[in-house]
Amino acid sequence: MDLHFGDSKPTDEERAAVDTLLGPPESSWEGADRSDADLRWARGGREARERRDLLLPGLHAVNDRIGWISEGALDYLCRRLTVPPAEAYGVATFYAMFSVKPRPATVLHVCTDLACAAAGSAELCAGVEARLGLGSGVSVERSPCLGLCERAPAALAVKAGDPVRTAVSAPATVERAVLAASSPGSAPEEPAAALAVPQAGDPSLMLLNRVGVVDPASLDDYRAHGGYTALRQAFAIGPAGVIREVTDAGLVGRGGAAFPTGRKWQATASQPDHPHYLVCNADESEPGTFKDRVVMEGDPYSLVEAMTIAAYAVGAHKGYLYLRGEYPRALRRMEHAIGQARARGLLGDDILGQGYAFDIEIRRGAGAYICGEETALFNSIEGYRGEPRSKPPFPVEKGLFGKPTAENNVETLVNVLPILTMGAPAYAAIGTGTSTGPKLFCVSGSVDRPGIYELPFGATLGELLDLAGVRDGLRAVLLGGAAGGFVRPDELDIPLTFEGTREAGTTLGSGVVLAFDDTVPLPRLLLRIAEFFRDESCGQCVPCRVGTVRQEEALHRIVERTGADAAADITLLREVGRAMKDASICGLGQTAWNAVESAIDRLGAYE
Amino acid sequence: MTVTSLGIPRRLLEFTIDGAPVRAPEGSTILDACRSAGKDVPTLCQGDTLTPKNACRVCVVEVEGARTLVPACSRKAEAGMEVRTDTERARHSRKVVLELLASSVDLSTTPEVAGWLKEYEAKPDRFGPDAARLDEEPRIDNDLYVRDYDKCILCYKCVDACGDQWQNTFAISVVGRGFDARIAVEHDGPLTDSACVYCGNCIEVCPTGALSFKSEFDMRAAGTWDESAQTETTTVCAYCGVGCNLTLHVQDNEIVKVTSPHDNPVTHGNLCIKGRFGYQHVQNRD
């Protein structure tokens with residue numbers, strides 16, 4: 001490949017941002033000034049191209065320092081990594097948190113998604129924009145779900161510089177959001193993660209038992225509260241033993257697809273191709289979901305330990321934690337925890353003296369819901385556009401870097417700890433026959449105590465809502481987030497299990513329970529869901545790229561209409577929705593019509 | 001003579017298409033098998049020289065046991081598979097996908113699509129007059145070829161042909177996301193500032209006419225483009241000794257564009273700037 005780079009030069013600051021990540025360039029072949037030696041030496045080929053996966057971290061480095069990515073900065077990064085500038089430009093423009101046009105150093109992301117919309121994000125946006133007009137040095141951007149639903153409405157300020165500064169304001173008022181944007185360094189510290197767990201301290205909790213109890217910065221505290229006993233047990237029974245326990249426990253993926261974890265691990269472990277990889281999907285971007293954030297902020301070592309066990313089981317020596325870019329505090333806590341674990345020999349070449357090597361690298365997302373799709377996530381880590389791949393081949397056979405990969409989300413992984421400490425039979429006895437173990441639910445909207453709840457599978461929707469203190473005038477509950485479905489207030493006896501929700505014609509999805517009272521205008525809410533999918537479609541396949549737009553247009557047309565006036569557009573929505581569900585490449589397009597369909601059929605939204 | 005590599009012998013898989021038993025060599029796609037069984041499935045983004053990206057979703061078929069429809073162009077046939085190409089479900093998806101496409105881009109120069117729109121009773125107008133579409137002016141920034149993204153269905157074939165599948169120039173990629181995704185060169189600038197080497201292999205694979213020779217674009221604008229009056233003559237390129245085959249498209253005794261046979265073992269349809277665009281000297285009659 002004979003790459004062509006433009007004439008634009010990086011500024012000193014842009015060059016420094018890239019060099020801080022990659023080290024100084026060694027020769028003119030990768031962006032340094034030309035020396036005589038360069039004429040007799042060439043760098044390229046596989047070795048140079050194999051650094052392509054540093055493209056996303058490189059884009060972050062520039063965006064963090066400068067606030068946007070200029071032509072010169074992008075071209076310099078491309079020279080350093082031997083990446084064609086056209087492709088890097090395609091990657092940079094894929095992510096919502098990057099800009100390839102000049103913008104102020106401070107960006108205030110104001111969440112406009114479901115829980116925040118119900119809590120008044122429109123007024124917040126208007127108020128903030130009125131205060132932070134032109135010349136304020138702040139760019140106000142409407143953002144999809146920031147994962148702070150229990151403290152809606154939410155805003156996230158990011159101020160570029162060295163170092164980059166972030167501040168979260170939630171629940172946000174105009175005053176507090178403006179303060180966070182104008183001086184993120186002095187904004188008040190976020191409330192403790194435990195405040196998102198109303199049951200915190202309850203001794204019966206299995207997954208959230210340490211949140212609010214341990215100091216998330218202290219490895220010793222984690223160990224004092226039972227940390228690393230599961231890993232010792234894993235070493236005692238060996239990789240096959242771990243897989244057997246997880247299989248016998250009946251653990252299925254908690255990200256929404258409910259695939260048996262043991263089967264996934266077994267399939268990965270048995271692949272002859274090497275190396276194997278472990279990927280933890282911490283890109284929860286489903287509107288209404290924030291459980292992974294709270295686990296990572298409140299009990300970060302549990303994820304480090306669980307990833308170590310999973311990697312040991314599938315024979316991986318390298319794990320990637322793909323963490324969404326909108327979670328600055330979870331990022332800091334995980335970075336600290338991984339660093340501490342490494343310093344203490346709990347990550348690295350010889351974990352606990354067992355001769356087993358494993359390490360974790362954090363990769364930060366940059367604002368793209370689609371990167372939560374497992375194969376899109378691989379592309380994103382590898383430095384390509386976060387577009388899903390077609391399956392088969394499945395990740396267990398050809399995943400990250402084309403190698404066998406086990407990918408699990410945060411909640412699935414932390415379930416492995418109680419499985420190993422209490423044993424598979426005891427774990428499998430919790431819940432129902434086919435949905436075993438505890439489950440985390442993210443409850444928000446019109447409830448008095450929003451937050452994450454841990455309940456054994458089988459509790460009913462009504463019981464969960466009672467715990468959270470549902471308010472009067474309940475109109476609808478959204479289960480599973482934007483990709484899920486609505487249920488009516490007279491359906492609260494639905495058991496919260498995979499089979500129970502399926503029987504009721506809905507889905508548990510990622511465990512979102514968003515309650516809406518009768519003050520929320522339903523057609524507006526549906527419009528926001530349609531907008532969300534239109535914005536987040538990667539654009540690769542036609543049913544999703546155009547279908548999500550046509551869906552939004554039809555919902556716009558009928559936002560004030562009902563009955564016969566809406567009938568023609570509802571027919572159109574059904575036809576487009578069916579094609580999206582049947583013919584889209586990935587789950588995003590396949591589920592983009594679910595919530596709207598359920599609102600029409602179960603709630604009679606336009607009758 | 002065209003030499004086709006036979007490759008190593010492959011096992012035959014047995015499965016059914018629309019209830020009839022068929023046999024196809026291991027590694028064939030469902031689309032390959034359908035075509036050899038005499039059944040055609042419509043497709044826009046599939047190309048004979050490129051790995052299918054299965055982005056257009058026009059070729060979806062039903063496979064027993066699969067939750068969603070599967071793209072025939074890229075899904076490999078498996079023994080025992082039961083494929084149904086013409087069910088109500090598959091036809092519905094094709095119809096809607098064709099409507100979605102035709103409502104958002106200009107398919108007037110896409111071969112075969114008019115027939116499919118009729119066959120599947122697609123009515124692209126039913127999304128209303130305000131349905132979002134591209135509506136972009138053609139980009140004319142050089143004398144060799146024109147990019148008319150109003151006709152682009154984002155099939156990725158030009159990206160693959162320019163990138164690692166053929167040309168290794170990597171001058172173009174998909175930028176942006178969702179409905180705003182576009183094909184573009186670096187920094188979305190003019191072609192002349194990009195890495196483009198004007199091999200024209202992207203035009204060769206473009207299924208919709210979004211990329212076209214400047215000569216064709218100008219003649220279409222002037223109303224003088226007439227494919228029925230054109231002759232095609234395949235010859236050997238005289239510029240160097242590689243032996244690439246050129247197919248000269250001649251109208252009124254003028255070369256109007258140059259393609260290359262895809263089954264040619266030397267080029268597989270690929271050319272360089274000289275073979276593709278350097279034909280003026282042939283018709284320089286001064």
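Throughout, a chain's letter reflects where its sequence line sits, starting with A, and its residues are numbered from 1.
Proximity to chain B involves both the backbone and the side chain of Ala96(A), based on heavy atoms less than 4.5 angstrom apart. Only the side chain of Leu74(A) comes within contact range of chain B, with heavy atoms under 4.5 Å apart. Of the two parts of Asp164(B), neither the backbone nor the side chain holds a non-hydrogen atom closer than 4.5 Å to a non-hydrogen atom of chain A. At a 4.5 Å heavy-atom cutoff, the contact between Ile172(B) and chain A is made by backbone atoms alone. With a 4.5 Å cut-off on non-hydrogen atoms, Asp535(A) touches chain B through its backbone but not through its side chain. Contacts of Ala131(B) with chain A are made by both backbone and side-chain atoms, with heavy-atom separations under 4.5 Å. The contact between Lys391(A) and chain B is made entirely by backbone atoms, counting heavy-atom distances below 4.5 Å. Proximity to chain B involves both the backbone and the side chain of Ala368(A), based on heavy atoms less than 4.5 angstrom apart. For chain A, no part of Asp180(B) is nearby; none of its heavy atoms comes within less than 4.5 Å. For a residue to count as touching a neighbouring chain, one of its non-hydrogen atoms must lie under 4.5 Å from one of that chain's; by this rule Val576(A) touches chain B with backbone and side chain alike. Heavy atoms of Arg389(A) lying under 4.5 Å from chain B are absent altogether. Using a 4.5 Å cut-off between heavy atoms, Thr548(A) makes no contact with chain B at all. Interface remark: Arg94(B) contributes no atoms to any contact with chain A (heavy atom separation under 4.5 Å). Interface residue Tyr95(A): only backbone heavy atoms are found under 4.5 Å from chain B. Interface remark: Lys95(B) contributes side-chain atoms only to the contact with chain A (heavy atom separation under 4.5 Å). Of the atoms belonging to Val174(B), heavy atoms from both backbone and side chain fall under 4.5 Å from chain A.
Side-chain atoms of Pro392(A) and Arg75(B), non-hydrogen and from C-beta on, do get closer than 4.5 Å to each other. No side-chain heavy atom of Asp130(B) sits less than 4.5 Å from a side-chain heavy atom of Glu553(A). Annotation: side chain of Phe170(B) is not in contact with side chain of Val83(A) (no heavy-atom distance under 4.5 Å). Side-chain atoms of Asp75(A) and His187(B), non-hydrogen and from C-beta on, do get closer than 4.5 Å to each other. Between Ser103(B) and Arg550(A), some side-chain heavy-atom pair lies under the 4.5 Å cut-off. When side chains are defined from C-beta on, Pro84(A) does not count as touching Glu186(B), because their heavy atoms never get closer than 4.5 Å. In this structure the side chain of Gln590(A) reaches within 4.5 angstrom of the side chain of Thr68(B), judged on heavy atoms. The closest side-chain heavy-atom distance from Leu101(B) to Val546(A) is not below 4.5 Å.
The shortest non-hydrogen separation linking Ala86(A) to Val185(B) is CB-C, 4.3 Å. The two residues Ala579(A) and Ser93(B) have their closest heavy-atom pair at CA-OG, 3.8 Å. Here the closest non-hydrogen pair linking Ser584(A) and Arg57(B) is O-NH2, 3.6 Å.
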Enumerate, atom names and distances included, each donor-acceptor pair closer than 3.5 Å involving a side-chain atom of residues 110-119 of chain B, sequence neighbours excluded.
none

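Heavy-atom pairs under 4.5 Å with chain A were tallied for Leu154(B), Val60(B), Val159(B), Thr169(B); the largest tally goes to Leu154(B). Heavy-atom pairs under 4.5 Å with chain B peak, among Cys544(A), Ser537(A), Ser8(A), at Ser537(A). Ranked by heavy-atom pairs shorter than 4.5 Å toward chain B, the options Glu575(A), Lys581(A), Gln540(A) are led by Glu575(A). When each of Phe533(A), Phe5(A), Tyr89(A) is scored by its heavy-atom pairs under 4.5 Å with chain B, the top score falls to Tyr89(A).
Inspection of the Asp582(A) and His92(B) side chains reveals no N or O donor paired with an N or O acceptor under 3.5 Å.
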**Message:** Run Asn54(B) and Ile585(A) through side-chain contact (heavy atoms from CB on, under 4.5 Å) and show every step you take.
**Reply:** CA-CA 8 Å; Asn54(B) 64 69; Ile585(A) 292 180; 3.7 Å; yes
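In the displayed structure, Asp7(A) atom CG is contacted under 6.0 Å by at most 12 heavy atoms of other residues, nucleotides or ligands.
Between Arg578(A) and Glu88(B) there is a salt bridge, with a side-chain nitrogen of the basic residue lying less than 4.0 Å from a carboxylate oxygen of the acidic one. Taking a cutoff of 4.0 Å between a charged side-chain nitrogen and a carboxylate oxygen, Glu387(A) and Arg177(B) do not qualify as a salt bridge.
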